[in-house]
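Read the structure below first, then the notes.
Atoms within each ligand, like the ligands themselves, are counted from 1 in listed order.
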Amino acid sequence: MKVLAILYDGGEAARQESRLLGTTENGLGIGPWLESLGHEFVVSSSKEGANSDFQKHIVDAEVLITTPFHPGYLTRDLVEKAKNLRLCITAGVGSDHIDLNAAVDHRIQVLEVSGSNVVSVAEHVVMSILLLVRNFVPAHEMIERGDWQVSDIARNAFDLEGKVVGTIGAGRIGYRVLQRLLPFNCKELIYYDYAPLPEAASKAVNTRKVDDLKEFVSQCDVVTVNCPLHEGTRGLINAELLKSFKKGAWLVNTARGAICDKDAVAAAVKSGQLNGYAGDVWNVQPAPKDHIWRTVKNPLNGGNGMVPHYSGTTLDAQARYANGTKSILEHYFNNTEQEAQNIIIGLGKYETKAYGQR
Ligand code: NAI
């Protein structure tokens, strides 16, 4: 059968570092194995437009492997052209680049390697919160420039202790963020999620659920976004909601770029309504060179902690999602039961409750 993988090019780095498994060069480390089983394995980064490898090979591929870091956008149109497609595997977590409703309609299964990079992201979230609150980036830039003016940095540097931090989404990543924040003695850790945490889990991190989103953000000094992108979260953080944020709050989004309205967030940072925005996810990836999130600054010339999409693709994470991808393929080839936690779309239906209430 044909297995098509859309991955990012690793270039020189991937040739030097074989643990960069999620690259076209290293093909998740599964190429020789697939070929030994007699399958055709096509790996490419070319994903945009009718002449891309993605669109050329999707018409007869049976399995599609994609990664959120360099998303091959499987639209309904492409699903309709993909006559042999039976299984989509997300090497990582987050399958919003697949039209999931179209997958349901066409009985294409969608699986993720659930949990494979949730610690990687949670660590990145904590780092991003700290670098915003402590005004780290402009301080480092000052040092590189050869300058030294402590007051210019200190005038907008704070401690995390005593602040209210809230997560939108308290699933695997959101909960791990709360766990990691516990020793910082925040004033409160709160969450917004339609799925309540089990009582013991909630107690363990001393968190409180807030049911109304506006009320939730109005209580937070720091908001971190940790829910999937779906119909109910696209554009969730928009100009209207930003008005309910505390003036000067910090926002961290490592979930998906399109959960935040690009221009509204940029305007809020520029005006100081948000003191900063950080994260690694963009509404389109790769982000265009002139994307406003690359350069937007708060009125004190800081407040930007944006990086390319890499929080969930540390070398540790790559080992886990490469292994997980192989294991999903093994179950598929051998017709054995997939691990339930990995199934986003089963045959003709959503198996997860995390992609919206339906
Ligand atoms: P999860 O499925 O364990 O948790 C997601 C939580 O979000 C669930 O508790 C769900 O009920 C909640 N949720 C869904 N819709 C919501 C809404 N409208 N409002 C509030 N909460 C809502 O997923 P996990 O593993 O925590 O990952 C979350 C997301 O993080 C992924 O879907 C992906 O988009 C993103 N991610 C980003 C990575 C990166 O490298 N930046 C890597 C891994 C995941």
- Query: Going by the order shown, which atoms of ligand 1 are within less than 4.0 Å of some heavy atom of Phe69?
  - Reply: 40 (O)
- Measuring from the heavy atoms of His230, does anything fall under 4.0 Å of ligand 1? yes
- atom 26 (O) of ligand 1 - nearest protein heavy atom and its distance: Ile173 N, 2.8 Å
- Nearest-neighbour protein heavy atom for atom 28 (C) of ligand 1, which is reported as residue plus atom name and distance: Asn226 O, 3.6 Å
- Message: Could you tell me if the side chain of Ile129 sits less than 4.5 Å from the side chain of Phe184, heavy atoms only?
- Response: no
- Examine distances only and state if a side-chain atom of His106 and a backbone atom of Ile108 form a donor-acceptor pair shorter than 3.5 Å. no
- What protein heavy atom sits nearest atom 16 (C) of ligand 1, and how far off is it? Tyr194 CE2, 3.4 Å
- Message: Checking a contact table here: which protein heavy atom is nearest atom 38 (C) of ligand 1, and how many Å away?
- Response: Val121 CG2, 3.5 Å
- Can you list the ligand 1 atoms lying under 4.0 Å from a non-hydrogen atom of Asp280? 39 (C), 40 (O), 41 (N)
- Task: List the closest protein heavy-atom neighbour of atom 35 (C) of ligand 1: residue, atom name, distance to the nearest 0.1 Å.
- Result: Ala255 O, 3.5 Å
- Part of Val118 with heavy atoms under 4.0 Å of ligand 1, whether side chain, backbone, both or neither: side chain
- Message: Whether Lys187 and Asp221 form a salt bridge (side-chain N of Lys/Arg under 4.0 Å from carboxylate O of Asp/Glu) is what I want to check.
- Response: no
- Item | Under 3.5 Å side-chain donor-acceptor pair for Thr24 and Ser45 | no
- Query: Without hydrogens or angle criteria, can the side chains of Asn301 and Glu141 be said to hold a donor-acceptor pair below 3.5 Å?
  - Reply: no
- For residues Asn298 and Asn275, is any side-chain donor paired with an opposing acceptor at under 3.5 Å? yes
- Query: Ala195 heavy atoms, cut-off 4.0 Å: which ligand 1 atoms fall inside?
  - Reply: 11 (O)
- What residues form a side chain to side chain contact (heavy atoms under 4.5 Å, CB included) with Asn323, not counting sequence neighbours? none
- Message: Assess, by modelled atom type and distance only, whether the side chains of Tyr8 and Thr313 contain a donor and an acceptor separated by less than 3.5 Å.
- Response: yes
- Query: For ligand 1, is there an N or O atom under 3.5 Å from any N or O atom of Ala170?
  - Reply: no
- Determine whether Val223 and Tyr277 fall in the same hydrophobic cluster, where Ile, Leu, Val, Met, Phe, Trp and Tyr are linked whenever their side-chain heavy atoms lie under 4.5 Å apart. yes
- Side-chain heavy atoms of Lys297 within contact of Pro138, under 4.5 Å: no
- Task: Look at atom 43 (C) of ligand 1 and say which protein heavy atom is nearest, naming residue and atom and giving the distance to 0.1 Å.
- Result: Asn117 OD1, 3.2 Å
- ligand 1 versus Lys353: contacting region, heavy-atom distance under 4.0 Å: neither
- Task: Within a distance under 4.0 Å of any heavy atom of Val281, pick out the atoms of ligand 1 and give their elements.
- Result: 41 (N)
- Look at the aromatic rings of Trp282 and Trp293 and report parallel, tilted or perpendicular, splitting at 30° and 60°. tilted
- Task: Going by heavy-atom distance to atom 29 (C) of ligand 1, choose the closest among Gly279, Gly174, Cys227, Pro68.
- Result: Cys227
- Query: Does a donor on one side chain sit under 3.5 Å from an acceptor on the other, for His70 and Asp9?
  - Reply: no
- Query: Hey, any chance Val133 and Val126 share a hydrophobic cluster, counting ILVMFWY side chains that come within less than 4.5 Å of each other, even indirectly?
  - Reply: yes
- Query: Of all the heavy atoms in Gly92, does at least one lie under 4.0 Å from an atom in ligand 1?
  - Reply: no
- Flag Gly312 as yes when one of its N or O atoms lies below 3.5 Å from any N or O atom of ligand 1, and as no otherwise. yes
- Which bit of His124 gets closer than 4.0 Å to ligand 1, counting heavy atoms only: side chain, backbone, both or neither? neither
- Is it the side chain (CB and beyond), the backbone, both or neither of Thr313 that lies under 4.0 Å from ligand 1, heavy atoms counted? neither
- Query: Which of the atoms of ligand 1 are close to Ala354, meaning less than 4.0 Å from one of its heavy atoms?
  - Reply: 2 (O), 14 (C), 15 (N)
- Task: Consider only side-chain N and O atoms of Thr233 and Arg256, and report whether a donor and an acceptor are under 3.5 Å apart.
- Result: no
- Can you list the atoms of ligand 1 that are under 4.0 Å from a heavy atom of Gly171? 3 (O), 4 (O), 6 (C), 9 (O), 26 (O)
- Task: Can you pull out the closest protein heavy atom to atom 41 (N) of ligand 1? Residue, atom name and distance to 0.1 Å, please.
- Result: Thr254 O, 2.9 Å
- Query: Which residue owns the protein heavy atom closest to atom 5 (C) of ligand 1, what's the atom, and how far is it?
  - Reply: Pro228 CD, 3.6 Å
- Query: Considering only heavy atoms of Thr233, which atoms of ligand 1 have at least one such atom less than 4.0 Å away?
  - Reply: 17 (C), 18 (N)
- Query: Can you list the atoms of ligand 1 that are under 4.0 Å from a heavy atom of Arg256?
  - Reply: 33 (C), 34 (O), 35 (C), 36 (N), 37 (C)
- Query: Of Glu112, His97, Arg172, which has the heavy atom at the shortest distance from atom 1 (P) of ligand 1?
  - Reply: Arg172
- Based purely on interatomic distance, does Asp193 place a nitrogen or oxygen under 3.5 Å from a nitrogen or oxygen of ligand 1? yes
- Query: So, the side chain of Asn238 versus the backbone of Gly235: is there a donor-acceptor pair under 3.5 Å, distance only?
  - Reply: yes
For residues 28-43, please give each side-chain donor-acceptor pair under 3.5 Å, one per line with the distance, not counting sequence neighbours.
residue: Ser36; atom: OG; partner: Trp33; partner atom: O; Å: 2.6
residue: His39; atom: ND1; partner: Met1; partner atom: N; Å: 3.2

